Colleague: 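Questions regarding the structure given below will be posed in turn.
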Amino acid sequence: MRVIVNGEWIQLPEHAVNVADVLKFYHIHDKVVVVEVNGEILSRVEHQRTRLADKDRIEIVHFVGGG
Amino acid sequence: MLKIGTLSFQSRLLLGTGKYPSFEIQKEVVEVSQAEILTFAVRRMNIFEPSQPNFLEQLDTTKYTLLPNTAGAKTAADAVRIAKLAKASGLCDMIKVEVIGCDQTLLPDPIETLKASEELVKEGFIVLPYTSDDVVLARKLQEVGCHAIMPGASPIGSGQGIINPVNLGFIIEQSSIPVIVDAGIGSPADAALAMELGADGVLLNTAVSAAKDPVKMAKAMNLAIKAGRLGYEAGRIEKKQYATASSPREGMSIG
């Protein structure tokens, strides 16, 4: 399926069906990240059970240095 | 002891984590500063380069309280969204509300800051708004339930120090929640002055990260904040127009 990740259209592989799969696909599943799908912020436990659909807008954010 | 909401801290120095020359220097800075509260920003991750080092990953997060900011927000709605994203990490309940209303001066938008703060208090966050030195706004932020007020000393990153000690004094005097002077601190003298005015803490970033020797400056700021606090607690003398001798006038062997 095709989804928008951080503003860019991405073709996800067949096996990526939920948010946890996407994080694994990008090798960021063990990092501190927060995911928002179509404006809905997910807690970590919701990653596995949040199934994705074509054209979903996914935002993946993390903490960076700031004052 | 600095108490913010349900949390208490030994250190009155809150440290920003932006713009350090290297992670090695930054780690040492955090160590010698003795800061317990560290601020962070929330940004999109570069998913195509996940191996990029990240300071948070090198930090023992059990030893520090994270204070994410809402930098980048221009409206209350933006700030609330960023705060919720930060909280969903499961690492923090605190939020520094930062809604910028002017790109050139980076001064906060008072109306959006107040709106965002009120909503985040209702959502159960520990709310620390970055605000100007406006005395009435500070009072209103307290009234909506904020857990600390963070008035700027002068524009962010400007290093101009405290440009309105009178307003800052008014804010401190009226406030029943901690007042943390945030932004504009340039030197240890500025930080000490903030504490002597009665501030409960100082939040700084650029003054340390952009100093010639950030580690030494972190040490200096730590000492200055402690010295300023002690001075405040000790109670300074009144200023007088004329001299008063420190040595006794009696028993002089000359004349």
Side-chain angles (χ1 to χ4, degrees), chain A, chain B residues 14-20 23 26 38-57 59 61 66-72 80-92 96 98 106 130 150 156-157 182-185 203-210:
Chain A
M1 76 186 109
R2 271 167 70 74
V3 294
I4 302 171
V5 182
N6 287 356
E8 288 191 42
W9 280 101
I10 301 284
Q11 178 71 47
L12 288 179
E14 292 270 299
H15 61 84
V17 296
N18 62 41
V19 169
D21 295 334
V22 173
L23 297 184
K24 276 206 196 90
F25 176 62
Y26 286 111
H27 308 287
I28 52 174
H29 49 284
D30 53 3
K31 291 185 180 279
V32 177
V33 297
V34 178
V35 184
E36 190 187 60
V37 178
N38 300 327
E40 189 89 9
I41 298 166
L42 307 177
S43 66
R44 239 185 148 70
V45 292
E46 290 169 314
H47 290 177
Q48 195 73 44
R49 64 167 181 257
T50 304
R51 293 184 69 85
L52 294 167
D54 213 36
K55 295 180 188 163
D56 273 350
R57 279 182 303 106
I58 304 164
E59 288 284 323
I60 303 175
V61 301
H62 67 157
F63 289 118
V64 300
Chain B
L14 291 76
L15 192 65
T17 59
K19 300 187 294 184
Y20 286 83
F23 282 155
Q26 189 170 4
L38 302 176
T39 64
F40 285 91
V42 178
R43 289 290 178 271
R44 271 180 176 171
M45 190 176 204
N46 184 350
I47 47 170
F48 303 107
E49 270 182 76
S51 57
Q52 284 180 96
N54 182 294
F55 183 66
L56 192 66
E57 286 170 12
L59 200 69
T61 48
L66 306 189
L67 176 57
N69 65 37
T70 65
V80 169
R81 172 178 172 255
I82 296 170
K84 286 180 177 172
L85 282 167
K87 197 177 188 179
S89 69
L91 292 175
C92 44
K96 168 178 164 176
E98 179 176 345
L106 296 182
Y130 160 63
M150 304 212 291
I156 295 173
D182 176 9
I185 296 292
L203 197 171
L204 45 87
N205 190 147
T206 311
V208 168
S209 66

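Chain naming here is simple, since letters A, B, ... match the order of the sequence lines and numbering starts at 1 in each. Nothing here was measured: the structure is a model prediction, and the numbers come from that model.
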Colleague: Of all the heavy-atom pairs spanning A/Ala16 and A/Met1, show the shortest one and how long it is.
Modeller: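 In this case the closest contact between A/Ala16 and A/Met1 is O-CE, 3.3 Å.
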
Colleague: What part of A/Ile10 gets within 4.5 angstrom of chain B, counting heavy atoms only: side chain, backbone, both, or neither?
Modeller: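 Looking at A/Ile10, just its side chain touches chain B.
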
Colleague: At a 4.5 Å cut-off on heavy atoms, which part of B/Glu98 comes close to chain A: side chain, backbone, both, or neither?
Modeller: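 Only the side chain of B/Glu98 comes within 4.5 Å of chain A.
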
Colleague: Under 4.5 Å heavy-atom distance to chain B, tell me which part of A/Val33 shows up: side chain, backbone, both or neither.
Modeller: side chain

Colleague: With a 4.5 Å heavy-atom cut-off, do A/Arg49 and A/Asn18 have their side chains touching?
Modeller: no

Colleague: For chain A, which candidate among B/Arg43, B/Arg44, B/Lys19 shows the most heavy-atom pairs at distances under 4.5 Å?
Modeller: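 Heavy-atom pair counts peak at B/Arg44.
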
Colleague: At a heavy-atom separation under 4.5 Å, does B/Ala183 approach chain A through its side chain, its backbone, both, or neither?
Modeller: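 Neither part, no heavy atoms under 4.5 Å.
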
Colleague: Heavy-atom distances under 4.5 Å only: say whether A/Ile41 touches chain B with side chain, backbone, both or neither.
Modeller: side chain

Colleague: Is there a donor-acceptor contact under 3.5 Å from the side chain of A/Asn6 to the main chain of B/Met45?
Modeller: yes

Colleague: Quick one: of B/Arg81, B/Lys96, B/Gln26, who has the most non-hydrogen atom pairs under 4.5 Å with chain A?
Modeller: B/Arg81

Colleague: Where is the tightest heavy-atom contact between B/Ile82 and B/Asn69, given as atom of each residue plus distance?
Modeller: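 Taking every non-hydrogen atom into account, CG2-O, 3.7 Å.
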
Colleague: Name the member of A/Gly65, A/Gly66, A/Gly39 that forms the most heavy-atom pairs with chain B at distances under 4.5 Å.
Modeller: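 Top count of heavy-atom pairs under 4.5 Å with chain B: A/Gly66.
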
Colleague: Heavy-atom distances under 4.5 Å only: say whether B/Tyr130 touches chain A with side chain, backbone, both or neither.
Modeller: neither

Colleague: May I ask you to name which of B/Leu67, B/Asn54, B/Ile156 has the most heavy-atom pairs under 4.5 Å with chain A?
Modeller: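 Ranked by contacts with chain A, first place is B/Asn54.
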
Colleague: Among the options B/Asn205, B/Leu15, B/Thr39, pick out the one with the most heavy-atom pairs lying under 4.5 Å from chain A.
Modeller: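 Among the listed options, the one with the most contacts to chain A is B/Thr39.
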
Colleague: Quick one: what part of B/Leu56 sits under 4.5 Å from any heavy atom of chain A, side chain, backbone, both or neither?
Modeller: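 Interface part for B/Leu56: side chain.
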
Colleague: Apply side chain to side chain contact (heavy atoms under 4.5 Å, CB included) to the pair A/Asp54 and A/Arg2, showing each step before the final yes or no.
Modeller: CA-CA 5 Å; A/Asp54 213 36; A/Arg2 271 167 70 74; 3.9 Å; yes

Colleague: Tell me whether A/Glu40 at atom CD has more than 12 heavy atoms from other residues, nucleotides or ligands lying less than 6.0 Å away.
Modeller: no

Colleague: Side chains of B/Phe40 and B/Ser89, heavy atoms from C-beta outward: is any pair under 4.5 Å?
Modeller: no

Colleague: Is there a side-chain contact between A/Ile58 and A/Val19 (heavy atoms, below 4.5 Å)?
Modeller: no

Colleague: Is it the backbone or the side chain of B/Leu38 that comes under 4.5 Å from a heavy atom of chain A, or both, or neither?
Modeller: neither

Colleague: Heavy-atom pairs under 4.5 Å with chain B: which of A/Glu46, A/Glu36, A/His62, A/Glu59 has the most?
Modeller: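 Option with the greatest count: A/His62.
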
Colleague: For the residue pair A/His15 and A/Phe25, categorise the inter-ring angle as parallel (less than 30°), tilted (30 to 60°) or perpendicular (more than 60°).
Modeller: perpendicular

